[in-house]
Engineer: 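This is the structure I have questions about; it appears just below.
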Amino acid sequence: MTIRTRFAPSPTGLLHVGNARAALFNFLFARHHGGEFLLRIEDTDKERSTQKAVDVIFDGLAWMGIEADAEPVFQSARQDRHTEVALELLEKGQAYKCFCTPEELTAMREKAMAEKRPPRYDGTWRDRDPSEAPAGAPYVVRLKAPRDGETIIKDLVQGEVRVANSEMDDLILLRSDGTPTYLHAVVVDDHDMDITHVMRGDDHLTNTFRQAMIYRAMGWNLPHFAHLPLIHGPDGAKLSKRHGAQSVVDFREEGYLPEALCNYLLRLGWGHGDAEVLSREEQIKLFDLDGVGRSPSRMDYVKLAHLNGIWMRVADDVRLTDDVMQRLQGRDGVVTDERTRARILAMMPGLKERAKTLVELADNAAFAGFTLPLTFTPKAEKLLGEDGRTVLQGVGRDLAALSDFTPETVDATLRAYAEKHEIKLGSVAQPLRAAMTGSTTSPGIDLTLAALGQDEVLARIAAVLASASTDG
Ligand code: GLU
């Protein structure tokens with residue numbers, strides 16, 4: 001049997017991390033078992049399903065490196081088939097027409113509530129002859145759900161879960177306008193797409209009981225189900241905006257690498273020994289459902305940032321530079337030309353050691369494109385007092401004399417200067433760093449100066465000294 005999984009998002013405008021994780025699990029599971037991973041866009045809610053919302057899903061998945069093995073299926077295009085199956089159930093006597101008016105349904109609900117019963121459909125038309133309905137009256141098609149016994153699902157994550165059939169009512173398959181309901185459409189699509197494993201959030205568990213009844217009524221085999229615990233906020237409450245990023249686009253904007261987000265989301269609900277940092281190949285090799293936990297996970301943004309830092313350190317410098325350049329585009333006081341790009345690329349090995357997100361990386365790299373004169377942080381200002389300026393003047397002269405301006409020659413020059421003046425290397429590096437960046441952090445000073453280039457270094461030193469003479 002070929003294992004086939006699917007990710008079936010409703011295009012609502014964002015790709016929530018919970019859904020993104022479901023996509024990842026389905027993808028890894030299929031790959032692990034040499035099966036197929038399919039994508040189905042559940043776009044039957046015409047009001048919410050815009051092309052833009054669909055693109056958000058496609059872009060998000062592509063960014064995460066989650067690729068479907070076939071063209072995506074659009075649920076809305078399969079409406080005729082959903083109707084066909086509902087009519088077949090009607091034909092078989094497994095479904096029936098219900099002519100209840102909205103008023104009757106409201107009265108039914110109110111009566112149930114008054115009697116402290118759950119507000120379920122009471123089966124008014126279950127055994128009535130449709131000819132009893134007024135001619136031309138609108139109707140819905142309902143499943144004749146079993147009333148006795150239990151529906152049992154052997155869930156691959158949750159274990160055996162069961163519900164008494166008496167607790168469920170006859171769900172609607174076709175609405176009065178003839179459109180199929182979501183619950184029904186999902187079953188027909190999963191069956192027709194030969195889905196063997198349905199993995200989705202455990203908020204769908206009650207749907208699964210109802211869907212199982214449709215499978216059984218059609219005499220279809222049930223797929224295996226795996227209901228994944230949801231992702232909560234750090235405080236255990238439902239993940240929401242106040243906790244931080246919650247959609248894939250948010251994480252991307254906040255400067256997380258897709259490798260880090262995928263790695264984190266995988267580890268959030270699944271474990272394999274102590275394995276923390278896992279490449280896609282390792283994920284595929286190791287992923288299986290026995291490692292999926294049953295309790296809800298809590299989003300830990302600090303841990304994600306930590307993992308992101310790890311992934312940034314091994315990420316390609318050109319890729320990181322391209323990303324940083326995009327983030328710097330249009331920033332006040334920052335020139336984003338080829339020269340800035342070359343400087344950032346040259347410093348990238350040092351820059352990426354010091355940042356946890358691409359946003360931080362861009363902030364730390366911005367000085368490469370600063371226009372002169374720089375503005376200084378109070379700490380940097382302090383380093384540029386009288387002593388600092390004396391150092392700048394002296395070491396500036398030595399740096400100007402270099403004919404070859406590389407990290408090595410710069411390093412040798414700074415050391416020689418420190419030695420000659422019997423000061424610590426830090427006392428040379430600090431004012432230089434302040435003069436180059438306006439702040440107190442940068443990659444190694446030798447790398448930084450070499451990346452900026454001799455002319456720029458001398459210009460930045462001169463700018464500080466010039467402001468010193470005006471100050472004085
Ligand atoms: N369309 C559903 C959702 O976005 C998922 C349905 C399913 O996985 O069966 O929540």
Side-chain angles (χ1 to χ4, degrees), residues 3-30 35-50 52-61 64 66 68 70 72-79 81-82 85 151 153 155-158 161 171 173 179-215 220-232 238-240 246-249 265 269 289 292 296:
I3 287 198
R4 295 183 117 207
T5 62
R6 75 348 180 237
F7 176 50
S10 309
T12 58
L14 51 85
L15 181 53
H16 190 272
V17 270
N19 283 337
R21 188 178 59 168
L24 179 66
F25 281 18
N26 276 287
F27 171 78
L28 294 178
F29 186 77
E36 285 176 6
F37 167 73
L38 306 180
L39 179 60
R40 182 173 71 236
I41 304 292
E42 307 214 308
D43 57 346
T44 46
D45 180 347
K46 279 290 154 213
E47 294 194 350
R48 292 208 292 179
S49 310
T50 57
K52 203 168 149 225
V54 173
D55 288 343
V56 165
I57 294 169
F58 288 161
D59 291 349
L61 293 178
M64 291 171 75
I66 298 176
V73 170
F74 288 85
Q75 192 160 57
S76 60
R78 295 184 31 84
Q79 202 161 316
R81 170 68 179 147
H82 305 145
V85 173
T151 295
I153 303 290
D155 191 272
L156 296 176
V157 171
Q158 311 288 337
V161 278
L171 66 113
L173 305 174
T179 57
T181 56
Y182 157 74
L183 278 177
H184 173 61
V186 169
V187 171
V188 177
D189 290 346
D190 283 339
H191 170 265
D192 288 1
M193 289 165 77
D194 283 330
I195 300 303
T196 59
H197 291 73
V198 170
M199 290 177 222
R200 57 188 173 198
D202 65 12
D203 49 337
H204 282 282
L205 195 53
T206 42
N207 289 344
T208 303
F209 289 124
R210 291 167 154 270
Q211 290 175 338
M213 292 177 167
I214 306 179
Y215 278 99
W220 290 341
N221 287 334
L222 258 72
H224 296 284
F225 288 100
H227 287 91
L228 313 168
L230 300 184
I231 301 177
H232 289 175
K238 189 174 184 294
L239 187 65
S240 73
Q246 51 170 347
S247 81
V248 169
V249 172
L265 290 179
L289 287 173
V292 177

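When a residue number appears, it is its place in the shown sequence, counting from 1. Whatever order the structure lists them in is the order used to number ligands and atoms, beginning at 1.
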Engineer: Pairs of nitrogen or oxygen atoms closer than 3.5 Å, one from A8 and one from ligand 1: do any exist?
Structural biologist: yes
Engineer: Side-chain contact, heavy-atom cut-off 4.5 Å: I3 with H224?
Structural biologist: no
Engineer: Given M199, E42, R200, Q75, identify the one with the heavy atom nearest to atom 9 (O) of ligand 1.
Structural biologist: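 Ranked by closest heavy atom to atom 9 (O) of ligand 1, first place is R200.
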Engineer: Does K46 have more than 12 heavy atoms from other residues, nucleotides or ligands lying within 6.0 Å of its NZ?
Structural biologist: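 Buried by this count: over 12 neighbours within 6.0 Å.
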Engineer: Going by the atom numbers of ligand 1, which of them fall below 4.0 Å from some non-hydrogen atom of R6?
Structural biologist: 7 (C), 8 (O), 9 (O)
Engineer: Return yes when F7 approaches ligand 1 closer than 4.0 angstrom through a heavy atom, no otherwise.
Structural biologist: no
Engineer: Got the closest protein heavy atom to atom 10 (O) of ligand 1, with its distance?
Structural biologist: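 That would be H204 NE2, 3.1 Å.
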Engineer: Using 30° and 60° as the class limits, which term best fits the ring planes of F58 and F74: parallel, tilted or perpendicular?
Structural biologist: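 Ring orientation of F58 relative to F74: perpendicular.
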Engineer: For atom 6 (C) of ligand 1, find the nearest protein heavy atom and state the residue, atom name and distance (0.1 Å precision).
Structural biologist: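 Here the closest protein heavy atom is Y182 OH, 2.9 Å.
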Engineer: So I214 and L171, do their side chains get closer than 4.5 Å, heavy atoms only?
Structural biologist: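 A side-chain contact exists here, since the closest heavy-atom pair is under 4.5 Å.
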Engineer: Is ligand 1 under 4.0 Å from a heavy atom in the side chain of S10, in the backbone, in both, or in neither?
Structural biologist: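 Both of them.
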Engineer: Answer yes or no: does an N/O atom from R40 fall short of 3.5 Å to an N/O atom of ligand 1?
Structural biologist: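 Checking ligand 1 against R40, no N or O pair falls under 3.5 Å apart.
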Engineer: Hey, what's the ring geometry for Y215 with F225, parallel, tilted or perpendicular (30° and 60° as the breaks)?
Structural biologist: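 Rings of Y215 and F225: perpendicular, over 60°.
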Engineer: When you check the gap from the basic side-chain N to the acidic O, do D192 and R78 get nearer than 4.0 Å?
Structural biologist: yes
